[in-house]
Structure formats: structure tokens, C-alpha cells
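The block underneath contains the structure these notes are about, expressed in C-alpha cells.
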Amino acid sequence: MSSGQDHPRLPLPLLRGRGDEESVLLRLLGDARDGRGGALLLTGVAGIGKTALLDLAVARATPDFLVLRVSGVTAESRLPYAGLHGLLGPIAAAADGLPEAQVRALREALESGTTAPGLALPAAVLGLLSAVAAGNSPVLACVDDVDRLDAASRDALAFAARRLGRARVVLLFAARSPSGLDGVPARAVGGLGQDAVRELAADLTPERRLPEDLVAALDAVARGNPLALTELVGSLTPDQLAGAAAPPTALPRSGRLWREHAALLAALPRETRRLLLLIAADPALDVATLLRAARPACALTALEPAEQAGVLLADGDRYAFRDPAVRAVAYQDASLSERRHAHRLLATLLTEPPSRHTADPSSGTRLRRAWHRSWALDAPAARVADDLAAAALAARPLDDHPEPYLALERAADLTTHPMLKAERLAAAARLAWTSGRPQAARSLLARLRALPAPGLAPPDELRGRVQFLSGSLELLGGETGSAREELLAAAGRLLDGEQRMLGVRALVRAADASYRAGDIRAFIAIARHAAALRRPDESAPTELMFEYLAGMAATLSGSHEEAAGPLRRVVELAGSVQDPSVLVWACVASMLLGEGAIAHRLSARAVESARVRGVASAIPQLLEYMIYPDYWTGRYASLAETAARGLRLAQETGQLNTAAQHLAWLAITAAVEGDQEACRVRADAAIDLADAHDLGLAGAIGNWALAYLDLAAGRPADAAQRLRAERRNSHVVIRVMATPHLIEACARTGDRERASAALRVLERWVGSTRSPDLRALVARCRALLAPAGEGDELFLEALELHGQGLCEFETARTRLLYGSALRRERRPGAARTHLHAALETFERYGARLWTGQARAELRASGDTTHPTAAAPGTAAPLTAQQLQIARMVAGGATNKEIAEQLFLSRRTVEHHLRNIFSRLGVRSRVELTRLFIS
């Protein structure tokens with residue numbers, strides 16, 4: 001039993017992701033200072049941070065409070081009143097003023113561990129705490145591991161906690177479960193959010209930043225548990241840090257958490273531990289199958305001790321470990337013979353014909369059976385390995401036990417033939433990558449490269465597949481130049497064999513590496529090389545990719561009319577293609593043709609196909625292509641949501657190059673809304689990643705976002721300078737997309753020569769499309785460059801074309817420019833008509849800087865405007881940013897977590913939240929959550 005009384009001011013512990021819990025504790029302390037006592041029970045699994053929160057409360061309370069602390073220990077849990085002795089011993093002398101019966105009861109409890117039954121002792125505990133708090137200082141009493149406290153002390157303290165009333169006392173408890181403290185307010189301490197996990201990982205490795213995918217892999221084990229993450233980071237080997245070895249899949253055996261879990265399991269009955277081993281060996285085990293595994297005399301009653309101890313919980317028709325980290329302990333702490341016996345039994349049970357209570361046989365069941373046989377080793381290793389590899393390759397990607405890539409790795413471990421081992425490792429690496437496990441994929445590739453030479457060089461096809469995977473990994477997370485070279489080498493090995501389609505895909509990805517880098521010459525060179533390789537009998541997916549390269553090369557060369565044919569053929573072929581990594585090129589073709597609605601449908605279909613197939617690695621990149629049509633049609637709320645999702649998934653899967661693009665697009669949405677701080681933070685982060693990884697595309701989008709912000713803020717000269725900068729605008733596609741902004745900025749600064757040259761480029765592309773939105777932008781640009789008094793017809797043409805399109809926001813921008821021109825021509829009445837319409841749209845979009853410009857123009861035209869109010873009884877719509885924040889709040893995210901995920905300051909989040917409450921007519925986060933759930 002540990003106890004203490006603290007006086008000096010303590011340093012505040014650094015806790016990540018616990019802002020809400022800290023607020024609750026501060027409120028309790030503040031209430032106690034004002035004479036309103038309170039109590040709180042913090043519950044959660046071992047290592048989740050309960051003790052750290054008690055430490056935080058103590059630090060916040062010192063030196064104003066008298067602090068009392070005690071921690072329950074198993075060795076004293078059978079000694080009545082041992083807990084009270086540790087907690088109240090330092091202040092027992094203050095009990096003299098209590099009623100005699102209470103003094104006697106307290107003295108007997110603390111000195112001999114006995115006392116008469118009744119209210120005397122619980123009342124004495126409450127009276128003593130209240131009397132001490134009535135003196136100079138309020139009291140903070142912290143009881144850690146209260147579930148290990150003796151029952152008599154726990155009951156007396158719970159009695160006091162329920163009756164603190166006006167006492168200047170705070171009673172804080174921490175336990176794994178709320179049992180034994182009925183009536184005491186409880187708060188479950190959950191796992192840290194993703195951003196807090198990243199922050200904690202950075203705290204733990206200040207000398208080097210861990211890759212995002214490694215942090216995500218560690219958190220897949222830790223599940224937001226701070227101590228688990230701390231121990232996992234501390235256990236990393238140099239190879240794991242470098243990505244040459246797979247990250248750990250279980251807690252380190254030498255850590256405190258492992259020891260605590262092992263001790264908890266060791267205290268359970270033998271039969272309970274046997275059934276827990278079966279569940280640990282196969283998390284997909286259903287209750288019906290488990291019943292067949294249980295000994296008839298005990299059925300499943302043997303699991304009751306595990307449920308009572310908080311180890312196990314019922315989850316539908318299965319049992320699950322309450323803390324997933326305990327699963328590895330239950331499995332690995334068993335002896336080798338016990339584990340083999342468990343796997344043999346499970347393989348037998350899964351072989352038996354299923355009863356009406358069990359699931360139908362499936363590829364997943366076949367894989368599970370082969371997996372268990374591979375660990376039971378009840379047949380020759382070669383035969384077991386063959387069965388396991390076949391089952392893994394036939395399994396659905398979504399089968400999660402075992403994950404197919406792990407099964408293939410196990411099959412490779414059991415394989416002695418060098419070529420076959422290499423084939424299985426290569427297949428395992430591919431499945432690890434497609435399922436979103438880049439660290440595991442790199443580790444498997446490293447194992448493959450380290451295999452001893454068998455005397456016969458690996459066939460070109462195998463080497464090509466390995467290079468294709470290595471280049472794909474590099475493309476989305478490394479340096480684009482090296483990715484291109486690796487992919488070109490892969491194509492050279494694959495194009496003439498049975499893997500021809502994979503070879504063509506390698507060519508397209510090599511071209512994509514050039515595109516992302518902004519190296520248009522390299523892209524065109526690859527496309528010309530590809531054109532010489534085409535055959536008349538290509539499959540639809542292969543033909544689609546060849547047509548895509550031809551159409552893109554023509555587009556990038558400025559031959560838009562020539563590009564239209566191949567690009568339209570790409571879109572036609574998409575109807576017969578299901579592969580999401582091929583469909584993505586049809587999305588690009590649709591966008592280049594100005595067919596945003598088709599592009600959006602194709603990209604959504606590609607994302608859904610990737611989800612159904614379990615190709616997690618493809619989704620962040622596919623989401624990039626959902627963004628472009630959203631931008632052209634002004635669906636900024638959808639754009640922001642897609643980019644935020646893509647950023648999160650890209651970070652989790654180590655795709656830093658993709659993350660850079662999503663960050664840059666989030667900067668664009670911030671520029672639209674006029675959130676200058678968010679725009680700069682996001683754009684700078686994207687540009688930094690672009691510089692580090694040679695990403696001309698992401699860097700150009702980030703620079704465009706900053707120029708957009710300058711234009712919205714009334715700084716056209718700054719916008720023009722950014723968009724003229726050679727280094728930041730070397731990507732031809734983004735340069736063309738940003739051309740309307742460049743022309744506007746140049747027109748307002750008098751640089752008509754540059755604006756006219758840019759307009760000619762824009763006209764050539766838009767002329768090859770059927771998009772009224774794009775043609776409206778061209779007409780607007782022509783109007784801006786028309787001589788004074790000659791822009792009317794062009795502005796009206798632009799507005800007519802906008803009326804046929806989808807982008808309401810750009811319509812408002814055209815009305816603002818037209819209204820401004822009319823006002824300068826001294827036609828204020830006509831100007832005000834367009835300016836009012838623009839203002840209404842900008843206000844609905846929450847575009848504060850454009851709103852400011854519209855109001856300024858209206859004032860200059862002689863009209864005094866006021867913010868538009870929503871009609872009585874209605875709620876104003878949310879902006880893209882506000883909608884994101886509102887959804888995250890409804891999902892339980894804290895302001896700090898929202899700020900980290902969206903690259904905003906907490907002050908900005910708070911500002912948006914106040915506006916959200918006002919627009920939706922709600923008063924609290926709870927009401928907001930109900931609104932979004934209902």
C-alpha cells in the first residue's frame with residue numbers, strides 16, 4: 001500500500017489527447033474550491049493513463065489542496081481497512097472533533113482493522129475529510145487501483161463519495177472496472193486518438209520522427225494505449241526503425257503491461273486458460289464451435305472467471321478479449337505443446353461438417369483450417385505449406401484471420417524449395433501492400449532480397465513483380481525519380497511474358513511518377529515507348545492504359561484535339577473494367593474532357609471496388625481523383641471531406657506523396673473560405689513534403705492555394721507573383737487549372753501581355769471539352785481582358801454558360817467581377833444587382849474574404865449592406881470547413897484532435913464551433929451530436 005501527502009508545486013505531466021478529461025478534473029477542483037464537493041471514478045484497461053490523470057489532478061491541485069493518495073495492492077486486499085489506513089493515516093489526528101462513536105469506529109478500523117457494523121465508520125470517513133477541508137485547504141483524495149483495495153475500505157469511501165455535498169473535497173478513484181463503487185460518477189478512459197498517438201510517438205523519439213505507417217502499425221497493437229505504445233516504441237530494433245523488418249505485432253514480453261496481463265491470466269482456473277488459448281489462437285471462433293471444444297462437464301461456464309476478471313466479453317456470437325493486447329499474452333505465454341494442441345483441435349473442429357449454428361464453409365474457413373494445421377504441424381511441412389498457400393491466394397482480401405499475407409509468409413517459412421519460397425514471399429509482400437500494410441510489405445521484400453542465391457537466378461517474371469511492388473511503394477511514399485526507374489525496370493521484365501498486363505501497369509505508374517514530379521518530358525517519352533509496344537489483341541484493361549498514355553501525352557503536349565479521341569476511348573473502355581487501379585485512369589480522362597459528373601461517378605466506383613476487394617492501399621490515391629471534379633463543380637464541402645479522409649488514410653498507410661496532395665487540396669478549401677491561417681499551414685506542409693519527395697504536382701497545388709488566398713484577400717500583385725514563379729508552377733496541368741486566377745490577378749495589376757498568353761493556352765484546352773463551367777471561365781477571362789466598356793457581352797455570355805453548369809460559387813465570382821466592372825463604369829444600379837447575388841452566395845459558402853470584397857463593392861456603389869440573416873426558424877447551411885468539424889464533433893473528437901487532423905489551430909476550431917452552434921441553433925456538443933445522429 002502506498003500513500004502520501006504532497007505539498008510543493010508539482011510539474012504538470014505532459015498528457016497527449018486528454019483535453020476533455022483534464023477539463024473534467026479542473027471543473028471538480030474548481031467546484032471544491034467553491035464549496036461543492038465531488039467524486040469521479042476513472043475506468044479503463046491497464047496502461048490507458050488512469051494514474052497519469054490522477055497525477056495531473058494532483059499537479060493541478062498543488063499547492064492549494066491537501067493531497068492524500070493511496071494505491072490498492074493485491075497483497076493487502078484481504079486486510080480490512082488497509083486502504084483507509086494508507087489514505088487517512090496522515091490526517092487521523094484531526095478526527096478528535098467528530099462524535100465519540102465515529103472517533104471510536106475510525107480508531108478501531110485504522111489500528112486493529114475491526115469495527116462494529118453500521119454507519120459509524122462510513123460517517124467518520126466523510127466527517128474527517130469534511131473537517132479537514134473546512135480548515136485552510138480543500139482536500140484532494142486519490143485512490144488508485146481501487147479494484148485491488150480491500151472491500152471494507154472501498155465501501156466506506158464509496159459511502160463518503162456519494163455524500164460530499166458542500167464539503168470542499170474531491171475524491172478521485174481509478175480502477176479497471178466500475179464494480180464496487182455504485183453511485184459514484186464514472187468516466188471511461190478510452191484509447192488515444194490518431195493525432196495524439198502521433199504526438200506521443202514523436203515525444204518518445206525526439207531524435208528522429210517515426211514514419212507514419214510505422215506509427216499506425218504500432219497503434220494497431222497498442223489501440224491507443226499510451227503505455228503500450230511507449231513499450232512498443234522502446235522495443236523497436238534498428239531494422240524495424242529502418243523499415244527493413246516488420247513492426248512488432250505484440251507487446252514486448254519484458255514490458256510492464258505484458259507482466260500485468262500474464263499475472264491476471266495466471267490467476268484464472270486451468271480450464272479457463274485452455275479456452276482462452278483457443279480464442280486467442282482463432283479470434284474468428286464462434287460460440288457454437290467453442291462449445292464443441294469445451295469439455296462437456298463445464299460447457300462454457302469455465303469462461304465466467306475470465307468475464308468476471310474483465311478479460312473477456314461477449315461480442316455477438318463470439319467472445320473477444322476486452323483488451324486486444326491480452327490476446328497475444330494468452331497465446332504466447334502458453335507452452336509450445338499447448339499451442340500445437342490448440343491448433344490441432346481447432347483444425348479438427350473446422351474440418352467437421354458445420355452444424356446449423358455455425359457459418360457456412362467459405363474461403364475464410366478453408367484458410368483458417370490450413371493456418372491451424374500449419375502451426376500444429378500434423379502433416380509433412382511441404383504439404384501443409386502448399387495447402388496454406390493455396391488457401392491464402394484463394395481467400396477474400398477482407399478475411400481478417402489470418403490475414404492472407406501472414407498465411408503466405410507462414411507458407412514461405414515452411415517451404416524449402418528456394419524458388420517457391422521466393423514466390424510465396426513475393427506474393428505475401430503484394431498482399432501486405434494491397435491490404436494497407438506497407439511496413440510489412442517492405443519487410444517481406446527485404447527478406448526476399450536476403451534469400452541465398454539458389455544457384456539459378458530468379459526468373460525475370462518474379463524479379464519484375466518484385467520491382468513493380470518496390471517501385472509502387474516508392475511512388476506513394478518515397479522519391480519519384482527512383483520510383484520511375486524501378487517501375488521501368490519492372491516493365492522491361494514483364495511486358496513480353498504472361499504478366500504483360502502488369503508490365504503495362506508498370507509503364508503507366510512510371511509515367512505517373514513523372515507526372516507527380518512535374519517531369520512532362522519523361523511522361524511523353526514513356527508514352528511514346530508504350531505506343532511502340534501495342535498489340536492488336538490487347539485486353540480491355542490493357543487497351544485502356546495504352547489509350548490513357550496516348551491521350552495524356554497529347555494533352556501534355558498541348559494537342560488537345562488530338563487527345564480527345566484516345567481519352568474518350570478510355571472512358572468507353574471503363575465500362576468493362578473492374579480493377580480500381582485501372583479505373584483511376586478513366587477518371588483522369590473524364591476530367592481532361594471536362595466531364596466532371598462522369599469523372600465523379602468513375603472515381604466513386606473505383607473507390608467502392610477497392611473497398612470491396614480489400615485493396616486498402618489504393619484508396620488514398622483514388623480519393624485524389626474524386627477531388628478534381630468536386631473542385632470544378634464547386635462542391636467544396638465534399639472536397640474537404642474527401643481530402644481529410646484521404647489524408648488520414650495516406651498517413652496510416654505511409655503514402656506521404658499522396659498525403660501531400662490531400663494537404664494541398666485542404667489548403668485550397670481553406671483559401672475558398674478565407675481561413676488564412678489554415679491555408680498557410682496546410683500549403684506550407686504540402687510544399688515541404690513536395691520539396692522532400694520531388695512532387696511538382698503537390699507543390700504546385702499548395703502554391704496555387706496561397707495565390708488563391710492572396711486574390712481573395714485583395715492582394716492581386718502577390719497572387720500574380722506566386723503564379724508566375726517558375727519553380728512552383730512547373731506542373732503544366734495545375735498551371736492550366738490556375739490560369740483563371742492568374743489572368744484575374746494580371747488583369748488587376750495591368751500585366752495584360754502575360755494574361756493574354758495564358759488565356760490562349762486555356763482556350764486550347766477548354767475548346768476540346770464540352771464543359772459549360774470551363775467555357776464560362778474562358779468567357780470571364782476574355783471579359784477581364786476586353787477594352788474598357790466592351791466586356792458586357794462577354795460577362796453576360798459567361799453568366800449564361802454558368803447557368804448551364806454546376807459551379808454556383810464560380811457564378812458568384814463572375815457576378816462579383818462583372819458588378820465591379822459595372823460600378824467602375826458608373827452603372828451602380830446594374831452593379832448592385834450582380835453584387836447582391838454574389839454576396840448571398842459567398843455568405844452561404846462561408847467565404848469570408850470574398851464576402852468582404854462583395855460588401856466593399858456594394859458600399860462603393862452606394863449601397864449599405866448588412867450580413868444576411870437566416871429566416872426565422874431556419875438554420876443557415878454550414879461551410880465545408882464547418883461541416884467537417886461538426887461531423888468530427890458528432891463522432892466524439894475533441895477540439896485538439898480536430899485541430900491536429902485538419903491542420904488548424906485550436907483557436908480556429910473554437911471559432912468555427914461557435915459559428916456552427918449559431919448556424920444550427922444548438923447550444924452544446926451533445927445537441928450537435930444528436931442532430932447529426934438523428
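Numbering starts at 1 and runs along the sequence shown.
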Which residue, Arg430, Arg463, Arg465, forms the salt bridge (charged side-chain N to carboxylate O under 4.0 Å, His left out) with Glu423? Arg465
Under 3.5 Å, is there a donor-acceptor pair between the Asp144 and Thr51 side chains? yes
Output yes when Glu271 and Arg274 qualify as a salt bridge under the 4.0 Å nitrogen-oxygen rule, no when they do not. yes
Run the side-chain donor-acceptor check on residues 245-254: report pairs under 3.5 Å with partners two or more places apart or on a different chain.
from: Arg253; atom 1: NH1; to: Gln332; atom 2: O; distance (Å): 3.4
from: Arg253; atom 1: NH2; to: Asp333; atom 2: OD1; distance (Å): 3.1

Measure from the side-chain N and O atoms of Thr653 to the backbone N and O of Leu649, and report whether any donor-acceptor pair falls under 3.5 Å. yes
If we only count heavy atoms from C-beta on, is the Thr272 to Glu304 side-chain gap below 4.5 Å? no
Whether Lys50 side chain and Val45 backbone form a donor-acceptor pair below 3.5 Å: yes
For Ala412, check side-chain contact (heavy atoms from CB on, under 4.5 Å) against everything at least two apart and list the hits. Lys421, Arg424, Leu425
Quick one: are Asn657 and Leu475 in side-chain contact, heavy atoms under 4.5 Å? no
Salt bridge (Lys or Arg N to Asp or Glu O under 4.0 Å) evaluation trace for Arg505 with Asp579: CA-CA 11 Å; Arg505 189 177 302 181; Asp579 189 332; 2.5 Å; yes
Scan side-chain atoms only and decide if Arg449 and Ser470 contain a donor-acceptor pair under the 3.5 Å cut-off. yes
Trp433 side, atom CH2; Leu469 side, atom CG - distance, nearest 0.5 Å: 8.0 Å
Do the side-chain N and O atoms of Thr43 and Arg187 include a donor-acceptor pair separated by under 3.5 angstrom? no
